[in-house]
Amino acid sequence: MSDAKPLLEFPCRFPIKVLGEHADGFREAVAYVARQFDPDFDEAAIEQRVSRGGHYLGLTITVQVASREQLDELYRTLTTHPMVRVVL
């Protein structure tokens with residue numbers, strides 16, 4: 001048996017990078033999804049960066065998650081959103 005500690009201990013605040021087209025409503029759509037999993041999510045705390053060509057927008061959101069299952073479901077929800085291209 002291993003005494004290794006898990007990589008993540010829950011609950012925790014977890015940063016997620018989300019990339020999508022630089023389009024109206026993208027930031028709001030990502031914030032909406034984040035609030036489904038973290039009701040106290042603060043949209044004002046989103047970090048954003050526009051790609052060099054201006055076509056894409058990278059967002060970093062930090063959410064409070066209670067379990068690995070909740071984090072996995074958040075990733076699934078973001079990756080299936082039509083405005084989202086990549087989730088890291």
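If you read the sequence from its start, that first residue is 1, and numbering goes on from there.
The closest donor-acceptor contact from the side chain of Q70 to the backbone of A66 lies under 3.5 Å. A distance-only check finds a donor-acceptor pair linking the side chain of Y75 to the backbone of L88 [under 3.5 Å].
Just one residue in the list V63, V65, T77 forms a side-chain contact (heavy atoms from CB on, under 4.5 Å) with F37, and that residue is T77.
Cluster membership for V18 and V50, using ILVMFWY side-chain heavy atoms within less than 4.5 angstrom, is shared. Following chains of ILVMFWY side-chain contacts shorter than 4.5 Å, one can reach F14 starting from V87, so the two form part of one hydrophobic cluster. Put simply, L59 and I16 are part of the same group of oily side chains (I, L, V, M, F, W, Y) that touch within less than 4.5 Å, one to the next.
Contact record, V84 with L78: CB-O, 3.3 Å, taken as the closest heavy-atom pair. Between I61 and A34 the shortest heavy-atom distance is CD1-CB, 4.1 Å. The two residues G25 and M83 come nearest to each other via the heavy atoms C-CE, 3.8 Å. Minimum interatomic distance between G20 and F26 (heavy atoms only, all atoms of both residues): N-CZ, 3.4 Å. Nearest heavy atoms, P11 versus Q64: CB-NE2, 3.4 Å. Residue R27 comes nearest to Q48 through the heavy atom pair NH1-OE1, 2.7 Å, listed as atom of the first residue, atom of the second, then distance.
For E43, there are no side chain to side chain donor-acceptor pair (under 3.5 Å) partners at least two apart in sequence or on another chain.
In this structure, CG on L8 lies 7.0 Å from CG on L71, to the nearest 0.5 angstrom. One distance of note links CZ of F41 with CZ of R35; it measures 7.5 Å at 0.5 Å rounding.
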_Check against side chain to side chain contact (heavy atoms under 4.5 Å, CB included), V33 and H81_ = CA-CA 9 Å; V33 171; H81 192 284; 4.2 Å; yes
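Atom CZ of R49 sits in a sparse spot, with 12 or fewer heavy atoms from other residues, nucleotides or ligands closer than 6.0 Å. Other residues, nucleotides and ligands contribute at most 12 non-hydrogen atoms within 6.0 Å of the CZ atom of R68.
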